Amino acid sequence: MEPPLPHQALLEMKRWNTPTIYNGWEQITRHNAAAEAFNLEETRDYMPQMGPMVGYAVTVVCEPSNRSHREQNPDAWSQYRRYIAGMAGPKIVVVQDLDKPQVIGAFWGEVNSNIHRALGCVGTICDGAIRDVDEMNNAGFKALARRTCVGHAFSHPVRWGLEVEVFGRKIQPGQLIHADKHGFLAVPLGDEERLLEAARFMDSNECQTLIPAARGGAGKPLLQICDEIDAAGAQFGANCRVQFARDGEW
């Protein structure tokens, strides 16, 4: 299946942080921008220096505390890797850990990160633990996770290629994800086409109206600054109405 956006669009989208992509998304979506698509629980970005990651979700469920999964399907890792290999990239691995709220073992470490990097994955959103953080950095594999831990316990793929729930948000395979130190946006299926254009417009709209009004106030009376910000906000909203038939966030 062809991905909804070409790779070059994702590369351009990677130049903005996740809040900027959200600003564009809320203008084009019919979903509730106050309640849908983003993480509801706190995430931690263990590689903020890598900047944002953008890719399509591949999904897996694990339960590191439960040794029986290895006995029931000893070939699961091989089967799971073939699922990953068959999906369009770039890919972000979304991991639901059934041990939550406990953390027993890490799905991710040096070896697994390098293997997934070879299979076209750029990183993970893991509602569980990672380890070998320096080595994951060295592999160029970005991770948003709940915490770190020492061991891997009985980490083993349990199910994959299905809807999962991480950080309070349900995610389906193939959803476009944009993630950074702020959290993640799992773009609802069907909202991808105009997302880059909308994010680009909203970033430019801010830079042409509200931001210069706020930064250009040196030496001016404070009430004059308020008036100029009001005028800039009105222009910001007018620009949004012309472009999207919406008022924007102002």
Side-chain angles (χ1 to χ4, degrees), residues 37-47 53 55-175 177 179 183-186 189:
F38 52 87
N39 55 292
L40 298 178
E41 301 170 10
E42 184 179 3
T43 62
R44 179 173 177 182
D45 183 353
Y46 283 88
M47 294 82 180
M53 64 176 173
Y56 297 103
V58 289
T59 61
V60 61
V61 174
C62 69
E63 190 178 20
S65 66
N66 190 344
R67 143 178 241 149
S68 68
H69 296 303
R70 292 186 178 184
E71 300 164 353
Q72 292 168 7
N73 186 3
D75 199 36
W77 276 113
S78 180
Q79 296 168 0
Y80 159 74
R81 285 191 291 267
R82 280 159 174 75
Y83 154 68
I84 297 290
M87 298 294 285
K91 292 164 266 197
I92 294 175
V93 188
V94 184
V95 184
Q96 179 177 349
D97 189 331
L98 297 179
D99 287 329
K100 185 180 181 179
Q102 292 184 303
V103 173
I104 306 300
F107 188 83
W108 296 105
E110 179 179 14
V111 172
N112 216 15
S113 298
N114 278 282
I115 289 172
H116 281 77
R117 201 75 175 90
L119 296 176
C121 302
V122 297
T124 182
I125 296 171
C126 180
D127 203 355
I130 64 170
R131 64 178 190 158
D132 297 334
V133 175
D134 292 339
E135 290 79 7
M136 290 181 71
N137 268 285
N138 188 51
F141 194 80
K142 187 177 180 70
L144 273 65
R146 268 201 295 144
R147 52 163 283 188
T148 57
C149 72
V150 174
H152 52 69
F154 302 110
S155 286
H156 200 71
V158 177
R159 297 182 292 275
W160 51 88
L162 73 170
E163 183 180 83
V164 295
E165 183 172 332
V166 295
F167 300 103
R169 176 62 57 204
K170 292 182 178 179
I171 297 179
Q172 301 176 45
Q175 277 190 260
I177 295 176
F184 64 82
L185 180 71
L189 297 173

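From a predicted model like this one, the values you see are computed outputs, not experimental measurements. Residue numbers count from 1 along this sequence.
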**Message:** Quick one, Ser113 and Asp132 - any side-chain contact, counting heavy atoms below 4.5 Å?
**Reply:** no

**Message:** Is it the case that the side chain of Asn114 and the backbone of Glu110 share a donor-acceptor pair, with hydrogens and angles ignored and the cut-off at 3.5 Å?
**Reply:** yes

**Asked** How many angstroms lie between atom CG of Asn112 and atom CZ of Arg81, to the nearest 0.5 angstrom?
**Response** 8.0 Å

**Request:** Of all the heavy-atom pairs spanning Ala57 and Gln172, show the shortest one and how long it is.
**Result:** CB-O, 3.7 Å

**Atom pair CG/CG of Asp75 and Asn73 - distance to nearest 0.5 Å** = 6.5 Å

**Request:** Would you check if the side chain of Lys91 reaches a backbone N or O of Gly120 as a donor-acceptor pair within less than 3.5 Å?
**Result:** no

**Message:** Salt bridge check, Lys100 against Glu165: does any charged N sit closer than 4.0 Å to a carboxylate O?
**Reply:** no

**Prompt:** Quick one: does Asn39's side chain have a donor or acceptor within less than 3.5 Å of a partner on Phe167's backbone?
**Reply:** no

**Fill in**
Shortest non-hydrogen pair, Cys149 vs Ala106, comes out as SG-N, 3.4 Å

**Message:** Using modelled atom types and a 3.5 Å cut-off, is there a donor and acceptor pairing between side-chain atoms of Arg146 and backbone atoms of Pro101?
**Reply:** yes

**Item:** N/O donor-acceptor pair under 3.5 Å between Thr59 side chain and Pro173 backbone
**Value:** no

**Asked** Given the rule in the side-chain contact (heavy atoms from CB on, under 4.5 Å) test, do Ile125 and Ile92 qualify, once you have shown the distances and angles that lead to the verdict?
**Response** CA-CA 7 Å; Ile125 296 171; Ile92 294 175; 4.2 Å; yes

**Message:** If we ignore hydrogens and angles and just use 3.5 Å, is the side chain of Asp97 paired with the main-chain N or O of Pro64 as donor and acceptor?
**Reply:** no

**Prompt:** So how far is it from Tyr46 OH to Leu144 CG, rounded to the nearest 0.5 Å?
**Reply:** 9.5 Å

**Request:** Measure across Phe107 and Pro157 and return the closest heavy-atom pair with its distance rounded to 0.1 Å.
**Result:** CE1-N, 4.5 Å

**Item:** Arg159, His156, Glu63 screened by side chain to side chain donor-acceptor pair (under 3.5 Å) with His69, the one that passes
**Value:** Glu63

**Fill in**
Rounding to 0.5 Å, atoms CZ (Arg44) and CD1 (Ile130) come to a distance of 8.5 Å

**Item:** Closest heavy-atom pair and its distance - Gly174, Tyr56
**Value:** O-CD2, 3.5 Å

**Message:** As an exercise, state the distance from OG1 of Thr124 to CE of Met53, rounded to the nearest 0.5 Å.
**Reply:** 6.5 Å

**Prompt:** Is Arg131 reaching over with its side chain to a backbone N or O of Gly109, donor-acceptor style, under 3.5 angstrom?
**Reply:** no

**Request:** Take Ser78 and Arg82, measure what side chain to side chain donor-acceptor pair (under 3.5 Å) needs, and give me the verdict at the end.
**Result:** CA-CA 6 Å; Ser78 180; Arg82 280 159 174 75; 2.7 Å; yes

**Message:** Determine whether Val60 and Tyr83 satisfy the following criterion, side-chain contact (heavy atoms from CB on, under 4.5 Å), listing intermediate values before the conclusion.
**Reply:** CA-CA 10 Å; Val60 61; Tyr83 154 68; 6.0 Å; no

**Message:** Please report whether the ring centroid of His116 lies less than 6.0 Å from that of Tyr80.
**Reply:** yes

**Prompt:** Which heavy atom in Val103 sits nearest to a heavy atom in Ala129, and how many Å separate them?
**Reply:** CG1-CB, 3.4 Å

**Message:** Return the SG to CG distance between Cys62 and Leu98, rounded to the nearest 0.5 Å.
**Reply:** 7.0 Å

**Asked** Has Arg147 got more than 12 heavy atoms of other residues, nucleotides or ligands less than 6.0 Å from its CZ?
**Response** yes

**Main-chain N/O of Val166 paired with Asp127 side-chain donor or acceptor, under 3.5 Å** = no

**Request:** For the pair Gln102 (side chain) and Asp99 (backbone), establish whether a donor and an acceptor sit closer than 3.5 Å, ignoring hydrogens and angles.
**Result:** no

**Prompt:** Looking only at heavy atoms, what is the nearest atom pair of Phe184 and Ala179, with distance?
**Reply:** CB-CB, 3.7 Å

